[in-house]
Amino acid sequence: MAAFSSGDDSEDPLPKYGWRVHLDNVFSHKPQPCYIPRWSQIPRLIGLGWRFMKYATRERKNGRVPFIDPFATNPCRQVYGVPLGGIGCGSIGRGWKGDFNRWQLTPGMYNYTYVEANQFIVCVRKKGRTTYQAVLSPNRPNGVLCGRSLQGWNWGFNGANATYHALYPRAWTIYYLPGQNIKLVCRQVSPVFPHDYRDTSLPVAVFVWEVENNNDEEVEVSIMFTFQNSNGTVNEGSSGHYNEPFTCKIGSHCSMEDHSADKRNSVLTNTSCEVTGVLLHHKHPTQPYTFGIAAKAHNQAGKNSVTVTTKTAFDAHSPCRRVWEDLLDDGKLNSTTGPSELSKEEHILCAAVAATTRIAPHGKANLEFSLSWDNPVVYFGSSKKKHYRFYTRFFGRHGDASKALCCHALLRYPEWESKIDAWQKPILENDSLPSWYKSALFNELYFVADGGTVWMDVDDATSNDKTTVPEFVKEHGRFAYLEGHEYRMYNTYDVHFYASFALALLWPKLQLSLQYDMAQTVNQTDDQSILTMMNGRNCQRKVAGCIPHDVGDPAEEPWEKVNAYTIHDTAHWKDLNLKFVLQVYRDFKATKDIQYLKDMWPIAKTVMNQTSVYDTDGDGLIENSGFADQTYDAWPVTGPSAYCGGLWLASLRVMQEIAQVLGVPNEALKYVNILKRGKRAYNKLLWNGTYYNYDSSTSKYHDSIMADQMAGQWYLKACDLGQSPSDRVFPQANVLSALNTVYKYNVLKFQDGSMGAVNGMRPNGQVDTSSLQAEEVWTGITYAVAAAMIQEGLVVEGFKTASGIYNTCFERLGMGFQTPEAIVANGNFRSLGYMRPLSIWAMQWALEKKGKPATQDDTAGRNNAFSQCNGFCNTSSEN
C-alpha cells in the first residue's frame with residue numbers, strides 16, 4: 001500500500017493520488033494500544049492510575065461510560081477506510097475490504113461491530129444463464145450470531161483481484177471478476193465539500209458501480225445491496241423492527257420542499273428516473289432510526305436501461321439461501337409489496353435491493369445505489385432533553401426522511417462530485433506537492449465527520465436553560481466533535497487549537513459558531529466539586545473568567561455541564577485562554593467578519609486578564625505552576641516556559657492588533673507595554689543561543705528541546721503578524737535556529753527521521769524520558785510543527801517531518817482513518833481516532849500563504865522552495 005501516484009497508467013481507472021491497498025493485504029506489524037512506563041515515571045502516575053481505576057469502575061457499575069477509560073482501550077483494527085455520511089449526522093465506517101464496521105449513530109458513542117449481512121453481491125448472466133455470482137468481499141462469515149448465518153452465499157472473493165483507493169470523502173474499489181472478463185469499479189461518495197452548510201450535513205452516501213464488459217458478447221450484470229436492520233449492537237435486541245418497500249419518481253414526491261420546515265429549499269426537478277428501495281425501521285430503545293437503501297432505475301432511449309428489484313425482508317440468522325437463489329435464478333429479486341412483519345428476537349431482519357442492466361460488448365454501464373440513515377433526534381446520556389440534528393432543518397424532525405434522503409442523494413451526487421473536484425483538483429494537480437501529502441491532507445479530514453460529531457439545529461428552546469443561544473449559532477447550527485473516539489469530550493479546546501485550521505479553511509461558519517459557544521461559557525460557573533485525578537484534590541467544576549477544557553461529555557448534557565475532563569483543574573491551565581485569543585484573530589483573518597471580532601473582544605479581554613495573574617513577578621511573562629498545566633497534561637513544567645510563554649507573547653501581540661482594528665488605541669498601548677517586558681524576559685530566561693529551553697526551572701530536563709516550542713510564532717505568522725523587523729515578537733534568527741534544531745534533533749535523530757517529531761529531545765541527542773508524553777510523537781503536533789517550518793521557508797524540512805508520521809500511521813501500521821494522538825518508537829500508540837491530526841490543514845494554510853507575494857523578510861531562494869523539495873516530495877514508501 002502507498003500514498004499513491006499512479007503515473008500515466010491509462011489502464012488504471014482509479015485516481016492518481018490517494019491511499020491504495022490490495023484487498024488481500026496483511027500489515028506486517030500490529031501496534032498495541034499501551035506501553036509500559038519507565039520506572040522513573042511510575043511514581044508520578046501511581047495516584048492517577050489508582051483514582052482513574054476507581055472512577056472507571058464506579059461509572060461502569062452505574063451503567064455509564066467513563067469519559068476516558070484507560071483500562072478498556074480499543075485495539076488497532078487494521079481494517080478501516082473512508083467513512084460514510086456528511087458532517088454531524090452520525091457516521092458509518094466502511095473498511096477497505098468493503099465491510100461496514102464502525103457505527104456512530106448515538107452521539108459520541110462507537111460500536112465496532114462488523115455487520116456481515118451488509119454486502120454488495122454481483123451476478124453475471126450470459127445468454128440467459130447465470131455464469132458467476134459472488135459476495136464482493138474477501139471475508140467469510142464467522143458464525144458468531146449463528147453457525148448457519150449467511151452460509152448459503154458464495155464468500156471469499158480473492159482479494160488479490162481487487163484494489164481499494166481512498167481519497168476522502170470518496171473511495172474507489174476495483175474488482176476483476178475471475179473468468180468473466182468483467183471489471184467493476186465501486187465509487188463511494190459522501191456529501192462533504194467546503195463552504196456548504198446544507199448538503200454537507202446529510203446522513204447519506206452513494207455507491208456508483210461502473211460495470212465494464214470486455215467480452216465480445218452482451219452480458220447482463222446485477223449488483224445486489226443487502227443491509228441489516230441494526231448496527232449490530234448485541235444488547236439492543238432484534239424484535240419489533242420492520243421493513244417496507246418504496247418507489248418514487250425523483251422530483252415528484254421526495255423533494256426537500258416536502259420535508260422542509262420553511263419551504264425554502266425545493267431542490268429536486270422532474271425526471272423520468274425512479275428510485276426504488278427499502279426502508280428499515282429500527283426500534284432503538286432511546287433513539288429510533290430508519291435506514292434507507294435504494295437504487296435508481298431508468299429506461300431511456302439510447303441508454304442502458306436499469307431495472308431495480310427488492311427483497312423487503314430476509315433473516316440473516318439463517319443460511320439465507322432463498323435470497324441468494326432468487327438472484328441466481330434470473331438476476332433479479334421477486335419484489336413484494338407492503339411492510340414486513342415485525343421482527344422476532346430470534347431473527348436478524350435484513351433487506352436487499354438489486355439493480356440489473358444489460359451491457360453491450362466492450363460497453364460500460366452504471367448502477368447507482370444510495371444509503372441513508374434518518375436519526376433526527378439526539379439525546380445525550382440519560383437526559384430526556386431533545387436536540388435535533390442540523391439536517392432536520394431541510395428534511396424535517398419526524399424521522400420519516402430516509403426515502404427523501406435516498407432520492408435526493410441519487411439526484412444530487414453528480415453536483416457533489418463536481419464540487420469535490422473543484423475543491424481538490426488545484427491541490428492534486430500541483431506537481432510541487434508530494435503525493436503522500438495529497439493523500440494525507442484529504443484522508444485525515446475524515447475526523448470532521450467521524451469524530452463523534454454533532455451539528456445541531458438550535459434555538460433558545462432546545463438549548464440549555466442557563467443562557468440564550470448566540471444568534472450566529474441559531475443561524476448556522478451548533479457544532480461539536482470529540483477529542484477522540486476514546487476521549488469522549490466535546491470540543492476539547494487545547495486540542496481544537498491545532499485542529500481548527502480545517503474548519504477555518506473549509507467551514508469557517510462552523511468554526512465561528514464553535515467560538516461563539518465557547519465565549520458563552522467563559523463567565524459561567526458550576527459549583528460542583530470534582531476530584532482531580534492527578535493530585536487527588538477537589539476543585540470547582542467551572543469558574544468564571546476561564547475558557548473550559550471542553551463543553552462536555554456526550555454521556556452527560558454538553559454545553560450545560562462543561563469540563564468533563566477531571567484529570568487536572570483546568571481553571572489554572574496556562575494555554576486555554578491564550579488559545580481562544582489566538583483563534584479569534586486567526587478566524588477574523590480568515591473571514592474578515594468584523595462583527596465577530598467585536599463580539600469576541602470583551603471575552604478576549606476577560607481571559608487575558610485572568611491569565612495575567614500568572615505573571616507573579618511582573619516581568620511581563622507568565623509562569624507555569626510546576627504541574628502539567630497545559631495540553632501536555634502529563635509533562636510538568638515550572639516557571640516561564642517556551643510553550644506557554646510563547647503563546648502568552650503571541651496573544652499580547654494579537655490583542656494589540658485587535659485593539660487597533662477596533663479603534664481602541666489606549667487598549668492597544670497596554671498590551672504593547674506588557675509585550676515589551678515579556679519579550680525581554682522570555683529571551684533572557686529561555687533562549688540558550690540555539691533554541692528556547694523547555695522551561696526556566698533548575699530541573700536537569702529544563703533545557704530539553706521541545707518540538708512545539710514555537711507554537712506562538714506559528715500562530716502569529718499564520719495571522720501575518722510580527723513579521724517586520726520592528727514588529728517581531730520572536731527574532732527571526734531565533735525562530736529559524738529553534739526550528740532547525742527541532743528538525744535536527746526531534747525529527748532526524750529520532751528513528752532516523754521516519755516517524756515525525758518526538759515531543760522532547762535532550763541536547764545530547766537522546767529522547768527526553770522525564771515523562772511519558774515527552775517521548776511520544778503526537779501526530780497532530782508533528783503536522784503543526786511542519787506547518788510552522790513551511791511558514792518560515794523550511795519547506796523541505798516541513799514535508800520531511802510530516803511525511804514520517806503519515807507513512808508510519810497509514811502505510812506501515814495500518815492506522816488509517818483512526819489516526820492516534822500519540823505513538824512511540826516501537827509503534828505502540830495511545831488514543832485511536834483523534835482530533836489533533838486535523839492540524840495537517842495548517843500545512844495547507846501555510847502553503848497557500850507561501851503562494852502569495854513574499855514579504856521583504858523572506859530569505860533569498862525561498863520562492864523556489866517547492867522546486868527544491870520536488871525530488872524528495874514525490875517519493876513514496878510502499879510495503
Side-chain angles (χ1 to χ4, degrees), residues 493-494 497 518-527 529-530 532 534-535 537-550 562-563 565 567-585 600-633 635-656 658-659 664 666-682 684-686 695-697 711-712 715 729:
Y493 202 71
D494 56 304
F497 172 75
M518 195 61 66
Q520 193 90 331
T521 69
V522 167
N523 290 315
Q524 293 177 9
T525 60
D526 186 334
D527 294 332
S529 179
I530 60 171
T532 55
M534 184 62 79
N535 59 24
R537 300 171 186 169
N538 288 313
C539 70
Q540 184 177 330
R541 179 159 183 161
K542 175 66 173 69
V543 300
C546 299
I547 290 289
H549 173 273
D550 56 83
V562 302
N563 279 336
Y565 176 92
I567 297 176
H568 294 277
D569 179 3
T570 59
H572 299 292
W573 273 21
K574 308 305 184 292
D575 60 340
L576 290 169
N577 290 348
L578 307 177
K579 288 173 174 177
F580 176 79
V581 171
L582 292 171
Q583 285 184 72
V584 164
Y585 189 70
M600 296 298 112
W601 175 239
I603 304 299
K605 289 195 293 183
T606 295
V607 299
M608 285 296 285
N609 288 340
Q610 180 73 18
T611 307
S612 67
V613 302
Y614 301 115
D615 176 13
T616 56
D617 57 6
D619 65 352
L621 190 62
I622 61 171
E623 295 94 32
N624 290 90
S625 63
F627 300 103
D629 54 359
Q630 26 71 46
T631 195
Y632 298 88
D633 58 353
W635 193 1
V637 56
T638 301
S641 67
Y643 182 69
C644 291
L647 293 175
W648 167 250
L649 297 182
S651 298
L652 290 169
R653 177 64 186 89
V654 159
M655 290 297 286
Q656 172 195 343
I658 296 175
V664 282
N666 291 337
E667 295 276 4
L669 185 59
K670 177 178 73 174
Y671 295 109
V672 167
N673 291 332
I674 300 173
L675 180 58
K676 285 180 180 178
R677 300 197 310 276
K679 287 196 296 184
R680 287 194 297 268
Y682 189 77
K684 176 182 177 181
L685 295 171
L686 296 165
D695 66 20
S696 58
S697 70
Y715 249 76
V729 175

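As a basis for the values below, the full set of heavy atoms in this structure was taken, side chains included, without hydrogen atoms, waters or symmetry mates. Computed from a predicted model, the values in this text were never measured in an experiment.
Taken to the nearest 0.5 Å, the NZ atom of Lys605 stands 10.5 Å off from the CD1 atom of Ile603. For the atom pair CD1 of Ile567 and NE2 of His549, the computed distance is 7.5 Å after rounding to the nearest 0.5 Å. For the atom pair CG (Leu582) and CZ (Arg653), the distance works out to 12.0 Å, reported to the nearest 0.5 Å. Rounded to the nearest 0.5 Å, atoms OH (Tyr632) and SG (Cys644) are 10.0 Å apart.
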- Any chance you could lay out the side-chain contact (heavy atoms from CB on, under 4.5 Å) test for Asn523 and Thr606, step after step, and finish with the verdict? CA-CA 9 Å; Asn523 290 315; Thr606 295; 3.9 Å; yes
- Task: Test Tyr493 against Trp573 for ring-ring contact (aromatic ring centres under 6.0 Å, His included), laying out the working first.
- Result: CA-CA 12 Å; Tyr493 202 71; Trp573 273 21; over 10 Å; no
- Task: Could you walk me through whether Thr631 and Tyr643 pass side-chain contact (heavy atoms from CB on, under 4.5 Å), step by step?
- Result: CA-CA 10 Å; Thr631 195; Tyr643 182 69; 3.5 Å; yes
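Between the side chain of Asp629 and the backbone N or O of Lys574 there is no donor-acceptor pair closer than 3.5 Å. Of the possible polar contacts, one joining the Trp648 side chain to the Gly620 backbone as a donor-acceptor pair under 3.5 Å is found. Remark: the backbone N or O of Val581 is not paired with any side-chain donor or acceptor of Asn577 at under 3.5 angstrom. With Asp569 contributing its side chain and Thr532 its backbone, the two residues share no donor-acceptor pair below 3.5 Å. Tyr715 places a side-chain N or O within donor-acceptor distance of the main-chain N or O of Phe497, the cut-off being under 3.5 Å.
The shortest non-hydrogen separation linking Leu686 to Ala642 is CD1-N, 3.7 Å. The shortest heavy-atom contact between Ala659 and Trp601 is CB-CH2, 3.8 Å. Counting all heavy atoms, side chain and backbone alike, Gly618 lies closest to Asp615 at N-OD1, 3.0 Å. When every heavy atom of Lys579 is checked against every heavy atom of Asp494, the shortest pair comes out as NZ-O, 3.2 Å. Residues Thr638 and Ser697 share a closest heavy-atom pair of CB-CB, 3.8 Å. Counting all heavy atoms, side chain and backbone alike, Gly678 lies closest to Leu649 at C-CD2, 3.6 Å.
Using a 4.5 Å heavy-atom threshold, the side chains of Leu675 and Met655 count as separate. In this structure, the side chains of Tyr614 and His572 come closer than 4.5 Å at one or more pairs of heavy atoms. The shortest distance between side-chain heavy atoms of Ile622 and Thr611 falls below 4.5 Å. Counting only heavy atoms from C-beta outward, the side chains of Asp619 and Arg677 never approach each other to under 4.5 Å. With a 4.5 Å cut-off on side-chain heavy atoms, Met608 and Leu578 count as touching.
Every residue was checked against the salt bridge (charged side-chain N to carboxylate O under 4.0 Å, His left out) condition with Lys679, not counting sequence neighbours, and none meets it. In this structure Asp550 satisfies the salt bridge (charged side-chain N to carboxylate O under 4.0 Å, His left out) test with no other residue, sequence neighbours excluded.
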Without placing hydrogens or testing angles, list every side-chain donor-acceptor pair under 3.5 Å for residues 538-548, not counting sequence neighbours.
| residue | atom | partner | partner atom | Å |
| --- | --- | --- | --- | --- |
| Gln540 | NE2 | Asp527 | OD1 | 3.2 |
| Gln540 | NE2 | Lys542 | O | 2.8 |
| Arg541 | NE | Val562 | O | 2.6 |
| Arg541 | NE | Asn563 | O | 3.4 |
| Arg541 | NH1 | Gln528 | OE1 | 3.2 |
| Arg541 | NH2 | Glu556 | OE1 | 2.9 |
| Arg541 | NH2 | Lys561 | O | 3.3 |
| Arg541 | NH2 | Val562 | O | 3.2 |
| Lys542 | NZ | Thr521 | O | 3.1 |
| Lys542 | NZ | Val522 | O | 3.0 |
| Lys542 | NZ | Gln524 | O | 3.2 |
| Lys542 | NZ | Cys546 | O | 3.0 |

